[in-house]
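Read the structure below first, then the notes.
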Amino acid sequence: MKIAIVSGKDEGPTKLNAFDNALSNAGIGDVNLIKVSSMLSGNAEVCDLPKLKPGAMVNCVLSSITSDNPGDIIAVVVAVAIGEELGCVVETSGTNKNPNDLIGEAEEMVKYMMEKRKVEIKDLIVEYSTTEVKNIASCVASVVYLNEDIVEKSQ
């Protein structure tokens, strides 16, 4: 199993546009995202995000937050734990919370999930995005499940 871990942030004239712009900033704005739960196969391989086919149906774990309150600090986090047998993904978000606290929360949650399953963590990866809201802003962080059906073939 191959995955890409991405994040983005942006402003927009509406909440929907801010969210769409953040997805585009993360490189996943031109596909249809299908939110899935939090499991990976064993020894999942983390790759750079390839160019995805426009309109592709893409499985992902997605953390997102949007605010229209100027001055808010918004943040999203995804944490990925990979073991030989399987892997787990968690997501969290917050408004006016210390991003380091959210990162710590995500790390603890994913460690707990792996411990509960008695799987040793080989790799632990955290991705986050944070911004201060100027007008209307959104942040996203995502674990994108890759397969050849969604990747655009090189010319």
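Looking at heavy atoms from C-beta onward, V77 lies out of side-chain contact with E127 at the 4.5 angstrom threshold. By the 4.5 Å heavy-atom criterion applied to side chains, P99 and K97 are not counted as neighbours. In this structure the side chain of V151 never reaches within 4.5 angstrom of the side chain of E148, judged on heavy atoms. The closest side-chain heavy-atom distance from L49 to I28 is below 4.5 Å. Between M114 and L86 the shortest side-chain heavy-atom distance falls below 4.5 Å. Side chains of V78 and I5 form a contact here, defined as non-hydrogen atoms less than 4.5 Å apart. Side-chain contact check for L40 versus V80: some heavy-atom pair is nearer than 4.5 Å.
Donor-acceptor pairing under 3.5 Å is recorded for the side chains of D72 and N96. Side-chain polar atoms of T66 and S138 form a donor-acceptor pair below 3.5 angstrom. Checked by atom type, the side-chain pair N17/D20 shows no donor-acceptor distance below 3.5 Å. Between K9 and N21, the side chains place no donor N or O within less than 3.5 Å of an acceptor N or O (distance only, hydrogens not considered).
The line from CD1 of I65 to CD of E91 is 12.5 Å long, rounded to the nearest 0.5 Å. Atoms CG and CE, from N43 and M1 in turn, are 12.0 Å apart once rounded to the nearest 0.5 Å. Distance check, rounded to the nearest 0.5 Å: CD1 of I74 to OG1 of T130 gives 7.5 Å.
Formation of a donor-acceptor pair under 3.5 Å by the S93 side chain with backbone atoms of A75 is not found in this model. A donor-acceptor pair under 3.5 Å is absent between the side-chain atoms of S129 and the main chain of S7, judged by distance alone. Put simply, the side chain of N98 gets close to the backbone of N100: a donor and an acceptor are under 3.5 Å apart. Side-chain atoms of E11 come within 3.5 Å of backbone N or O of K134 as a donor-acceptor pair. Not a single donor-acceptor pair under 3.5 Å links the side chain of K15 to the backbone N or O of S67. Here the side chain of N32 pairs a donor or acceptor atom with the backbone of G55 at under 3.5 angstrom. For S63 (side chain) and V76 (main-chain N/O), no donor-acceptor pair under 3.5 Å exists by modelled atom type.
Under a cut-off of 6.0 angstrom, the local environment of OH in Y128 is sparse, with at most 12 non-hydrogen atoms contributed by other residues, nucleotides or ligands. K53 NZ: more than 12 foreign heavy atoms inside a 6.0 Å radius.
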